[in-house]
Amino acid sequence: MRKIKMAANQSPEQDQLYKIRHSAAHVMAQAVLELYPEAKIAIGPPIDTGFYYDFDLGRDENDKLRSFSPEDLEQIEKRMRQIIAGKHAFNYRQVSGEEARQLFAGQPYKLELIGGLEQGGIDEYGNETAEKPVISTYRQDTFEDLCRGPHVEHTGQIPPDAFKLMSVAGAYWRGDENNPMLQRIYGTAWRNKKELNEHLAMLEEAKKRDHRKLGRELEIFIFDEEVGPGLPLWLPNGGVMIAELEKLAADTERKAGYQRVRSPHLTKEDLFLRSGHLPYYADSMYPPMELEGVKYYVKPMNCPFHHKIYAAKPRSYRELPLRLAEYGTCYRYEKSGELFGLMRVRSMQMNDAHIYCTEEQFEQEFMAVIDLYRLYFEIFNVEKFVMRLSTHHRKGLGKKYIDNERLWLKTEDMVRRAMDNGGVPYVEVPDEAAFYGPKIDVQIWSAIGREFTLATNQVDFAQPSRFDLRYTTSEGKEETPLCIHRAPLSTHERMIGFLIEHYAGAFPVWLAPQQARVIPITSEHNDYATRLALELEAAGVRAGADLSAERMNAKIRDAQLMKVPYMLVVGDQEMADNTVALRKRDGSRVNGMHFGAFMEFVTQQIADRSSVL
RNA sequence: GCCGUUGUAGCUCAGCUGGUAGAGCGGCGCACUCGUAAUGCGCAGGUCAAGGGUUCGAGUCCCUUCAACGGCUCCA
């Protein structure tokens with residue numbers, strides 16, 4: 001998450017909301033300082049849905065960090081309402097660096113910020129700025145804070161019934177894990193009580209479509225403590241979805257000129273030394289296992305194997321672009337606190353491929369991958385996403401990034417030009433690149449609002465030469481190809497996690513684990529129901545008959561809860577004239593439909609990967 | 001990994017200030033044979049996350065570990 005997401009100057013309404021939230025943060029800081037006079041204050045900006053403020057409460061007698069309890073939040077919230085009721089004016093003033101240092105003499109974090117302001121280039125939130133900012137403060141009641149504003153006129157303009165303190169969280173000072181951990185209080189704030197309630201209701205709704213909840217209810221995946229965190233077990237319904245996604249990928253990639261390859265889960269250390277992954281990536285890899293004096297690693301990515309496949313024989317320019325694809329299973333040791341349902345796991349199956357091409361072919365190949373994204377997003381009706389051009393940052397050269405600035409600038413420019421020429425909108429974010437090159441990431445948001453990279457399209461100017469990859473040009477000279485890493489369908493784990501939330505579990509027919517369920521009204525109709533289910537299965541439709549002793553209503557309810565797209569209710573009437581009473585998942589019905597007509601309909605829907613019922 | 005919260009049957013949860021486990025759903029059995037979101041009755045499920053401690057006595061208190069959740073950091 002970026003530090004400050006909200007733009008300060010959108011509509012006047014936005015401005016007002018921004019001011020309310022920003023001012024609420026100051027009022028909260030005042031309340032905390034009154035209740036905990038020894039607290040050190042850090043920063044407190046407005047964010048998407050509210051605000052936060054970071055505090056340092058020091059350590060207790062056991063040298064453990066002091067924090068806020070949920071009960072403390074109630075007290076703070078109560079005190080905030082009293083301050084608001086006081087209608088204290090927010091007063092702005094500019095101060096010199098010297099004045100500022102005196103003002104915040106007992107506040108080490110503020111002093112550090114003041115130092116940054118004086119030097120220029122860093123604003124009061126620690127973000128980089130173009131020019132040297134002025135040092136200013138806002139004061140309300142007894143509390144004066146280093147701040148550039150803006151704020152509401154007085155505390156009374158913060159609606160006392162439209163904000164709520166939500167949670168406490170640890171957060172590193174300036175977002176750096178080497179810095180001390182501060183205690184962050186998150187609050188949400190709105191223009192009025194109605195907006196607050198709508199926001200809280202939205203959060204409740206989001207929980208219902210959380211893939212972790214739906215994944216269990218719909219029997220798609222589970223985690224088991226004995227298997228281990230971040231290692232999902234795919235239940236049969238999840239297995240179906242994986243098979244469908246792989247089929248989609250295989251169909252699409254075959255048409256786009258990809259070839260399928262396969263590579264092992266394990267490899268000798270040598271391969272990752274060669275690729276350069278080990279120095280950069282060792283923290284995220286499972287530790288090596290050693291046998292007969294040789295170290296083996298479980299693979300965290302597939303690229304080095306594909307490079308070896310490229311190098312399996314001398315290549316001619318006539319073979320390029322060479323596109324090698326594999327749904328490779330990779331293992332990454334994500335730190336325990338970073339795991340998140342299916343969205344962040346330790347074992348993952350990637351929709352991976354590597355495209356080896358010449359510099360002249362690059363733009364076309366890169367855009368062909370972007371077109372793949374667009375094709376998939378159309379199939380899935382995904383509209384809310386952002387393409388992000390992730391570039392390097394000077395300060396990371398030789399550490400996070402391969403140390404060759406000339407190639408960075410050159411390849412970043414190639415991507416920028418390709419995107420501009422293709423008319424694809426994107427945002428550019430520095431210091432987010434892969435260690436071997438810039439990339440286009442597709443950012444999406446989970447139900448609870450967390451941001452993830454779904455798909456990625458990366459340029460690699462480093463690995464081909466490390467692997468000594470060559471091709472012979474038409475002039476008979478040896479050249480090193482460029483490599484594009486791409487994963488438009490993400491990993492099965494993140495993709496399915498995303499799709500569960502995107503569809504709230506109501507998948508399109510082609511992707512639904514069970515596509516049709518035949519529901520006999522009484523046991524008299526079981527044979528007929530079974531026959532229909534068998535015929536559907538024979539036609540490639542995932543179908544079943546519910547022969548349980550339940551009443552029809554209960555069977556319909558069960559099917560609805562499992563979000564089965566088509567329910568075929570059959571009784572005397574249907575048995576007599578070989579029809580079905582079709583009930584769709586959305587509740588709509590088509591009575592007296594000939595079974596043959598339904599067969600034709602459903603098989604067509606599946607073949608089209610249709611998104612309508 | 002770090003800060004905080006939580007952890008009772010397959011799932012959702014109840015169990016007051018410590019006195020020795022309960023409901024609904026689900027599962028199984030029996031009866032019911034029913035037209036578009038839950039038929040009724042009965043039965044079986046728990047070493048209260050694991051380990052240690054305090055106590056006459058711990059699901060309830062303390063410690064450690066594990067896991068999940070909310071964040072930070074990091075990422076497909």
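Naming: A, B, ... by sequence-line order, numbering from 1 per chain. Below, all heavy atoms of this structure are taken into account, side chains as well, without hydrogens, waters or symmetry copies.
We find that CG of Leu182(A) is positioned 10 Å from C1' of C72(B), with the value rounded to whole Å. Atom-to-atom, CE of Met166(A) to C1' of G4(B) comes out at 15 Å; the value is rounded to the nearest Å. Counting to the nearest Å, the P atom of C72(B) and the CG atom of Asp56(A) are 18 Å from each other. The distance from atom CZ of Arg216(A) to atom P of G26(B) is 16 Å, rounded to the nearest whole Å. With rounding to whole Å, Arg450(A) atom CZ is found 5 Å from G71(B) atom P. The separation between Asp224(A) atom CG and C66(B) atom C1' is 13 Å, rounded to whole Å. Asp176(A) places its CG atom 12 Å from the C1' atom of C2(B), with the value rounded to the nearest Å. Rounded to an integer number of Å, the gap from CG of Leu203(A) to C1' of G70(B) is 12 Å.
Nucleic acid contact for Ala487(A): none, since no nucleic acid atom lies under 4.0 Å from a heavy atom of the residue. Looking at heavy-atom distances under 4.0 Å, Ile556(A) makes contact with a base. Across all strands, Arg332(A) comes closer than 4.0 Å to base atoms (heavy-atom distances). Among the atoms of the strands shown, only primed sugar atoms or phosphate atoms (P, OP1, OP2) are found under 4.0 Å from some heavy atom of Ala171(A). Contacts of Tyr186(A) with the nucleic acid, taken as non-hydrogen atoms under 4.0 Å apart, involve only primed sugar atoms and P, OP1 or OP2. Among the protein residues, Gln183(A) comes within range of the sugar-phosphate backbone only, with heavy atoms under 4.0 Å from sugar or phosphate atoms but none that close to a base. Using a 4.0 Å heavy-atom distance criterion, Lys400(A) is classed as making no nucleic acid contact. Among the atoms of the strands shown, none is found under 4.0 Å from any heavy atom of Asn179(A). Counting non-hydrogen atoms under 4.0 angstrom, Thr491(A) reaches a base of the nucleic acid. Nucleic acid contact class of Ser336(A) (heavy atoms, under 4.0 Å, all strands): base.
Contacts between residues 561-585 of chain A and RNA chain B, counted as heavy-atom distances below 4.0 Å, involve Leu561(A), Val569(A), Gly571(A), Asp572(A), Gln573(A), Glu574(A), Ala581(A), Arg583(A).
If you check A31(B) for Watson-Crick or wobble pairing at under 3.5 angstrom, you find it paired to U39(B). Judged by Watson-Crick or G-U wobble contacts below 3.5 Å, the nucleotide A14(B) has no partner. Pairing partner, G26(B): none, since no Watson-Crick or wobble contact has both distances short of 3.5 Å. With a cut-off of 3.5 Å on both pairing distances, the Watson-Crick or G-U wobble partner of U64(B) is A50(B). The partner of G19(B), taking Watson-Crick or G-U wobble pairs whose two distances both stay under 3.5 Å, is C56(B). Base pairing annotation: G4(B) forms a Watson-Crick or G-U wobble pair with C69(B), both donor-acceptor distances under 3.5 Å.
When the nearest nucleotides of RNA chain B are assigned to Gly230(A) and Thr456(A) by heavy-atom distance, the more 5′-ward of the two goes with Gly230(A). Both Lys213(A) and Glu177(A) lie near RNA chain B, and the one whose nearest nucleotide falls closer to the 5' end is Lys213(A).
To the nearest 0.5 Å, the span separating CD on Gln515(A) from CG on Leu536(A) amounts to 9.5 Å. The distance from the CG atom of Leu582(A) to the CD atom of Glu574(A) is 11.0 Å, given to the nearest 0.5 Å.
In the set G35(B), U39(B), C11(B), the nucleotide with an atom closest to the side chain of Met552(A) is G35(B). Distance from the side chain of Glu338(A) is smallest for U73(B) among the nucleotides U73(B), U33(B), U36(B). If you check U39(B), G1(B), A76(B) against the side chain of Gln458(A), the one that comes closest is A76(B). Nearest nucleotide to the side chain of Met181(A), out of A76(B), U36(B), G71(B): G71(B). Considering only side-chain atoms of Arg184(A), the nucleotide from A37(B), C72(B), C11(B) that sits closest is C72(B).
For a distance-only test at 3.5 Å, the side chain of Arg344(A) qualifies as a donor-acceptor partner of the base of C74(B). Below the 3.5 angstrom threshold, one finds a donor paired with an acceptor across the side chain of Arg494(A) and the base of C75(B). No donor-acceptor contact under 3.5 Å links the side chain of Glu225(A) to the base of A50(B). For G1(B), the base has a donor-acceptor partner in the side chain of Tyr172(A) [N/O atoms by modelled type, under 3.5 angstrom]. A donor N or O paired with an acceptor N or O is not found under 3.5 Å between the base of A76(B) and the side-chain atoms of Ser490(A).
Here G71(B) is in the anti range [glycosidic angle more than 90° from 0].
Side-chain N/O atoms of Arg260(A) and Tyr258(A) include no donor and acceptor closer than 3.5 Å. Donor-acceptor pairing under 3.5 Å is recorded for the side chains of Gln458(A) and Thr456(A). Using modelled atom types and a 3.5 Å distance limit, the side chains of Glu432(A) and Thr391(A) yield no donor-acceptor pair.
Using a 4.0 Å cut-off between a side-chain N of Lys or Arg and a carboxylate O of Asp or Glu, Lys208(A) and Glu217(A) do not qualify as a salt bridge.
A cation-pi contact, defined as under 6.0 Å to the ring centre and within 45° of the axis, links Arg346(A) to Tyr333(A). Phe452(A) does not carry Arg494(A) over the face of its six-membered ring by the limits of under 6.0 Å from the centre and within 45° of the normal.
Residues Gln514(A) and Gly544(A) approach most closely at NE2-N, 3.4 Å, considering heavy atoms.
Test Trp173(A), Phe68(A), Tyr36(A), Tyr109(A) against Phe55(A) for ring pair (Phe, Tyr, Trp, His ring centres under 6.0 Å) and you get one pass: Phe68(A).
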